J.: 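Quick one: the structure is below, questions incoming.
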Amino acid sequence: MTISFFAATDLATHRHLRSRVQGAYTTTSLLTMEPLLQEVLDANWSRFECFARSGEVIALDKWANYLTFDIVGQLAMGGTIGFIQQGLDVNGIIRSIHDGFWLMANMGNIPLQMFWFNNPIIKRLVRVLGIKRLNAFDDFVEWLDIRVEQRMNNKDGMPRWDMLQHFIEAKDMDKNPVKKADVMIEGVNILGAGADTTAIGILACVGALLKHPEYIPRLRDEIDHAYQQLGLDSSREHIKFTDAQNLPWLSAIIKESTRLHPSIQYQLPRYVPAGGVQIGPYFLPEGTVCGISCRSTNRSKKAFGADAGSFRPERWISQSKEDDERIKYCNSMLTTFGTGSRSCVGKNLATIEMYKYVAQFFRTFDAELLDMSEPWKTRSQWFSFQRDFKVRLRLRDTCVSGGGVEK
Ligand code: HEM
């Protein structure tokens with residue numbers, strides 16, 4: 001495969017690679033795909049209805065993962081992968097991506113980095129010895145290859161405008177059609193960078209609310225009122241992003257939850273540019289590798305106030321002109337999605353997913369954490385995963401149906 005813009009260190013190459021696919025990530029473009037995305041959410045809610053009826057305890061971390069991986073499959077690979085439908089990690093794809101990231105996150109600290117594994121001798125040895133877990137990323141790439149090949153040769157029967165089609169129709173630096181390898185690298189980008197991160201964001205929001213249930217009634221009032229105003233009260237349809245984004249408590253809760261638990265918590269390193277840089281009392285010479293964890297910047301007392309470490313969504317609700325100014329400043333200090341030319345290209349998609357998920361989840365279900373004292377475990381390897389996030393669901397009375405299945 002060719003280089004991904006996530007990994008490109010040359011600025012001009014990065015700019016070119018990013019700009020040729022940026023159109024696929026705009027909110028306008030993504031909203032044309034909202035029905036495809038809602039299909040996946042509806043399938044998820046149907047499964048959750050069954051769990052609510054049976055009283056079965058579920059690992060929400062697994063289901064959030066199934067959902068976000070199926071969404072990127074649906075938008076960028078020509079169809080869902082089948083995680084929700086099968087209720088499991090199909091062909092170990094998620095596991096293989098997690099293993100790959102674990103390896104890269106650790107090898108990134110060692111000289112020669114992934115070359116220790118990505119060289120022909122070791123690759124051959126690994127194959128001969130059948131060491132499955134060292135082949136983790138290869139399994140995923142093989143699977144992706146088939147999907148891209150099918151679409152490029154029009155064999156998947158999917159004449160639809162989605163992100164995959166955007167990637168296929170992009171041009172290279174000489175304005176020639178891109179090759180399969182270029183399309184595949186976009187798939188790697190989006191599946192590797194866009195599924196786990198969004199699942200973590202979703203779990204951060206649901207988790208914060210279940211740990212601070214005093215905020216749920218306020219959020220529910222807002223959501224129920226919106227459903228009523230939109231005429232969705234007795235319908236099986238769910239709220240759209242353009243309506244959900246106008247709900248102030250929903251917005252405040254999402255911003256606050258992801259501020260405190262950002263999906264990427266390892267430093268994402270940068271080289272200091274020519275001439276060096278002065279940061280407070282420290283001078284960093286040109287070429288120094290440096291970075292800062294978003295977990296620390298997002299909790300800066302200087303930026304967010306003395307209660308920066310506490311969950312307080314009201315900090316994002318404006319009631320005065322001074323609040324407007326303060327919130328504007330806080331927004332400029334948030335680094336959940338990074339900043340500058342390398343900031344998250346998928347922010348719009350993640351935002352659409354989080355708004356829709358949180359609104360539709362709390363509209364449809366009551367949820368209870370199984371263990372309030374240790375509601376989930378956290379494991380960080382670049383991404384900061386929540387694990388063993390066990391909940392029991394109940395259907396709310398207000399709902400005609402949660403996700404297309406009649407009561
Ligand atoms: C809540 C969800 C998400 C969070 C918190 C998040 C966070 C971030 C952050 C902090 C960066 C900056 C990395 C850096 O500074 O080098 C980044 C970059 C990136 N993100 Fe996201 N992301 C999320 C969702 C997504 C989604 C849904 C996609 C794709 C559909 C995506 C694709 C990317 C890509 C390709 C980059 C590299 C951008 C570049 O180097 O120009 N992310 N993300």
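If you read the sequence from its start, that first residue is 1, and numbering goes on from there. What's counted below: heavy atoms across the whole structure, side chains too, no hydrogens, waters or symmetry copies. The structure presented is a predicted model; accordingly, all values stated were derived computationally and were not measured. Every number for a ligand or one of its atoms is a count from 1 in the order of the listing.
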J.: N/O to N/O below 3.5 Å, does that happen between T336 and ligand 1?
T.: no
J.: Could you identify the single nearest non-hydrogen protein atom to atom 13 (C) of ligand 1 and state the distance to 0.1 Å?
T.: L268 CD1, 3.2 Å
J.: Say whether, by atom type as modelled, one donor and one acceptor occur between the side chain of Q228 and the main chain of D233 under 3.5 angstrom.
T.: no
J.: Can you label the angle between the Y215 ring and the W249 ring as parallel, tilted or perpendicular, going by 30° and 60°?
T.: tilted
J.: Test ring-ring contact (aromatic ring centres under 6.0 Å, His included) on F385 and H98 and set out the steps.
T.: CA-CA 10 Å; F385 293 103; H98 289 177; 4.7 Å; yes
J.: Can you say whether the rings of F361 and Y357 are parallel (under 30°), tilted (30 to 60°) or perpendicular (over 60°)?
T.: parallel
J.: Check ligand 1 against Y25 and write out every atom of the ligand that is under 4.0 Å from a heavy-atom position of the residue.
T.: 29 (C), 30 (C)
J.: Which ligand 1 atoms are under 4.0 Å away from a heavy-atom of F5?
T.: 35 (C), 38 (C), 39 (C), 40 (O), 41 (O)
J.: Tell me the protein heavy atom at minimum distance from atom 36 (C) of ligand 1, and give that distance in Å.
T.: F6 CD1, 3.4 Å
J.: Ligand 1 and H14, any nitrogen or oxygen pair closer than 3.5 angstrom?
T.: yes
J.: Report the relative orientation of the aromatic rings in Y355 and F241; use parallel for angles under 30°, tilted for 30 to 60°, perpendicular for over 60°.
T.: perpendicular
J.: Counting distance only, does the side-chain N/O of S29 pair as donor-acceptor with the main-chain N or O of Y25 below 3.5 Å?
T.: no
J.: Between the main-chain N or O of I58 and the side-chain N or O of E56, is there a donor-acceptor pair closer than 3.5 Å?
T.: no
J.: Tell me, which protein residue and heavy-atom name are nearest atom 15 (O) of ligand 1, and how many Å apart are they?
T.: R270 NH2, 2.6 Å
J.: Between T335 and T297, do the side chains contain an N or O donor and an N or O acceptor separated by less than 3.5 Å?
T.: yes
J.: Hey, is S343 one of the residues with a heavy atom under 4.0 angstrom from ligand 1?
T.: yes
J.: Of the backbone atoms (N, CA, C, O) and the side-chain heavy atoms from C-beta on, which set of R342 has a member under 4.0 Å from an atom of ligand 1: side chain, backbone, both, or neither?
T.: both
J.: Write out the residue and atom name of the closest protein heavy atom to atom 38 (C) of ligand 1, then the distance separating them to 0.1 Å.
T.: R18 NH1, 3.5 Å
J.: Is D371 reaching over with its side chain to a backbone N or O of P375, donor-acceptor style, under 3.5 angstrom?
T.: no
J.: Which label fits Y66 and F83: parallel for a plane angle under 30°, tilted from 30 to 60°, or perpendicular past 60°?
T.: parallel
J.: One residue to check: Q265. Relative to ligand 1, which of side chain, backbone, both or neither has a non-hydrogen atom less than 4.0 Å away?
T.: neither
J.: If waters are left out, how many protein N/O/S atoms lie within less than 2.8 Å of atom 21 (Fe) of ligand 1?
T.: 1
J.: Donor-acceptor pair, T68 side chain versus A64 backbone, under 3.5 Å?
T.: yes
J.: Would you say that R220 contacts R396 through its side chain, given a criterion of any heavy-atom pair below 4.5 Å between the two side chains?
T.: yes
J.: Could you tell me which atoms of ligand 1, counted from 1 in the order shown, lie closer than 4.0 angstrom to a heavy atom of L349?
T.: 30 (C)
J.: Below 4.0 angstrom from a heavy atom of I190, which ligand 1 atoms are there? Numbered from 1 as shown, please.
T.: 29 (C), 30 (C)
